[in-house]
Amino acid sequence: MSMHGAGGRAALTGMRSMRQDRSILQHRIKKGTLPRILKFAKHYRPALIIFLSVVILDAVISSVSPLLLREIIDVGVYHHRVALVIGLAVTTAILAIGDAGLQMVERRLSAIIGEGLIFDLRTEVFRHIQSMPIAFFSRTQTGALISRLNNDVVGAQQAFTDLFSNVVGNAILVLIILVVMFILSWPITLVALILVPLFLLPARRVGRKLGTLFQRGMELNAEMNMVMSERFNVAGAMLVKLFGRPEEERQGFDSRAAQVRDIGIRQATYQRFFFITLSLTASLATAFAYGFGGAEAARGVLAVGTVVALTAYLTRLYGPLTQLSNLNIDYMSAMVSFERLFEVLDLEPMIKESPTARPIPDRPADLRFSHVDFSYPGAEDVSLASLEAVARLDDTPRTSVLHDITFEVAPGTMTALVGPSGAGKTTISMLVSRLYDVDRGSVTINGVDLRDATTTSLNATVGVVTQDAHLFHDTLRANLLFAKPNATDDEIAGALAAAQIADLVATLPLGLSTVVGERGYRLSGGEKQRVALARLLLKSPHLVVLDEATAHLDAESEAAVQRALDETMKQRTSLVIAHRLSTIRNADQILVIDGGRIVERGTHKELHAGAGLYRDLYETQFRGQED
């Protein structure tokens, strides 16, 4: 007789527990984890009560059918009571239908609770990650973050719902089965319990091995996925093709895929051994029950129906017992998954909107830096070792990057930042959009300290274009509407014209419905920059920050982008990290940055007449750009 119903489901979940890494039992759960989990679960309290009630009722119904089978044989068949046999058979069928219905309800409720829990956890973690500063993303592995949102969230949900259903359902099922079996025949019941260690001992050994194999399998799959992720994006694929090593790449991937294959074979073998052991134990118990019980029935001590009922109970006993024996692993798995999620949620974002934040006045921007000192945050302030795939975080002391930076960019004027690489120009531009907060001093726009400004007004006031503008793998229209979701077609057309890219869009077969590809790689560098500028113009900010937006472009693309830049900066306050002499000459003010300090300031004419760093930069970088 095969396992089915609650017993069969318990066997499957028992297999899932067996393959968990048992080293998890050595983990020490942080204090307060369980109350936080229950806080998440309280929204589903009514559904949980109904769910547990259904699980209990299902366990009771599942344990009744062998008794009905006993009555059919011992009373109905033995005494030739046809009506009773038919009635009990119909009752058994009704119970089977009811059991099937309860299983559907149980699955539905489990899905409602589980998927709801996934939604709550996933959205909260996503919102929290979005609130983290850019320093967080510069340190963490993208795959590690995605794993928290996928694997850990799903793992927490599965462990949570399985734990409730398995503990309650299996405990009641085992209790009922053992009580009924003892009543029917205590000798057979004792032998059945004696056989449990014969199954559990090898099964637990297999479980330890499976835990190790599944852990290693996950690591190997992660490594293989990382290789695919790096090689399948445009930049990685281009690098492989440019360096001409496709055969080495294939061999490297084949090796990783072979390891995944081999460990998969071993996992399948051990899993099959588990089920064979379970089936063999149940078969041995059944053989004993039929042998011993049959002999007792032949001697008139036991009824035939009782023997049949006992064997039916035996097939349903070992699966739930296996699951209950691994209850500690299920519990720890749930706790660890939740703990890993709480670890992310407990990482406080360094950049927060003040409770008393006020909007930046909606007028031409007046930007001021007042005695600003800044150093990049340390790893312990913004990251987690587990998200960086390191044993411990980098503890390098923080070093000051900017020193006493003071300047003003008046409304409608342009200030250019020049200086050697690593001088601190990009850092200054990042402070304007509050990607970081200053250590000392202040950055204000229209008199409002950015630390006291609302995020919405800051985003509306400041627009940024970097030298490597990012486009999403979506249509041109979707990328443009990212800046202004309610923009009209006329506004989009105006932004494209001002960004010097309307003619190109007109030549595309799908126009604005053209998909630009990952990171916009279907467009040239100059085209991508002009799309980014069109997006900025659509946003229409009062303050424009340009971080070498024409760097690394060919002459033709640079000229087109420069025309778009000139249009972008009209009647706007502009802060530009410049490497073109034409841009610098047009600047109302030039700040020469070196070593995180402003070492010179003035117009091009004033600074060129001196004998400082600007004059040296002009001789080495800008002279060749003269018309």
Side-chain angles (χ1 to χ4, degrees), residues 30 32 36 39-40 120-142 144-146 148-149 153 339-362 365 367-388 393-395 398-402 405 424 426-464 466 470 482-483 539 541-543 545 575:
K30 293 180 181 177
R36 291 183 70 176
K39 184 179 178 182
F40 271 97
D120 293 344
L121 285 168
R122 186 170 282 158
T123 52
E124 182 162 347
V125 174
F126 182 84
R127 282 195 296 267
H128 187 74
I129 290 175
Q130 275 199 315
S131 72
M132 300 305 291
I134 199 67
F136 171 81
F137 298 97
S138 69
R139 301 193 65 95
T140 58
Q141 286 187 321
T142 304
L145 288 176
I146 294 174
R148 296 294 167 101
L149 281 168
V153 167
E339 199 174 71
R340 281 167 58 83
L341 294 171
F342 294 151
E343 184 184 35
V344 176
L345 292 174
D346 289 340
L347 186 61
E348 287 291 327
M350 292 185 65
I351 309 296
K352 295 181 182 178
E353 183 173 288
S354 170
T356 58
R358 55 195 177 102
I360 298 172
D362 186 15
L367 172 67
R368 295 173 184 265
F369 274 61
S370 300
H371 304 289
V372 168
D373 288 349
F374 174 76
S375 57
Y376 283 101
E380 72 283 355
D381 298 321
V382 296
S383 187
L384 297 168
S386 58
L387 293 177
E388 293 190 33
L393 289 170
D394 179 14
D395 56 0
R398 295 176 61 178
T399 56
S400 186
V401 177
L402 299 179
I405 299 294
T426 298
T427 301
I428 291 174
S429 71
M430 287 181 172
L431 295 179
V432 176
S433 49
R434 208 195 171 197
L435 295 179
Y436 296 94
D437 275 338
V438 301
D439 296 336
R440 190 175 70 88
S442 65
V443 179
T444 63
I445 298 178
N446 292 341
V448 179
D449 191 313
L450 299 190
R451 291 167 293 191
D452 300 323
T454 61
T455 303
T456 302
S457 67
L458 177 60
N459 290 338
T461 301
V462 180
V464 181
T466 63
H470 185 85
F482 193 73
K539 179 180 178 180
H542 290 299
L543 174 59
V545 179
L575 183 67

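Just so you know, these numbers use all the heavy atoms, side chains as well, and skip hydrogens, waters and symmetry mates. One is the number of the first residue; the rest follow in order along the sequence. Just so we're clear, the structure is a prediction, and the values are computed from it rather than from any experiment.
With Leu543 as the fixed residue, the side-chain contact (heavy atoms from CB on, under 4.5 Å) test singles out one of Leu458, Ile360, Val464, Ile445: Ile445. With Asp439 as the partner, the side-chain contact (heavy atoms from CB on, under 4.5 Å) test is satisfied by one option alone out of Ser400, Pro377, Ser375: Ser375.
For Thr123, there are no side-chain hydrogen bond (donor to acceptor under 3.5 Å, both in side chains) partners two or more places apart in sequence or in a different chain. Residues forming a side-chain hydrogen bond (donor to acceptor under 3.5 Å, both in side chains) with Ser354 (at least two apart in sequence, or on another chain): Thr356.
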Please walk me through it: do Thr426 and Met430 pass side-chain contact (heavy atoms from CB on, under 4.5 Å)?
CA-CA 6 Å; Thr426 298; Met430 287 181 172; 3.9 Å; yes
Pair Val432, Phe369 - check side-chain contact (heavy atoms from CB on, under 4.5 Å), show working.
CA-CA 9 Å; Val432 176; Phe369 274 61; 3.8 Å; yes
Give the intermediate values and the outcome of side-chain contact (heavy atoms from CB on, under 4.5 Å) for residues Arg451 and Val438.
CA-CA 9 Å; Arg451 291 167 293 191; Val438 301; 3.5 Å; yes
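A donor and an acceptor atom, one from each side chain of Tyr436 and Thr427, are nowhere located under 3.5 Å apart.
Note that the CG atom of Leu345 and the NE2 atom of His128 stand 6.0 Å from one another [nearest 0.5 Å]. Arg127 contributes atom CZ, which lies 12.0 Å from atom CD1 of Ile129 (distance to the nearest 0.5 angstrom).
For the pair Asp437 and Met350, the tightest heavy-atom approach, listed with the atom from each and the gap, is OD2-O, 4.1 Å.
Under a 3.5 Å cut-off, the side chain of Lys539 and the backbone N or O of Val462 do form a donor-acceptor pair.
Between Arg358 and Ser457 there is no side-chain heavy-atom pair separated by less than 4.5 Å.
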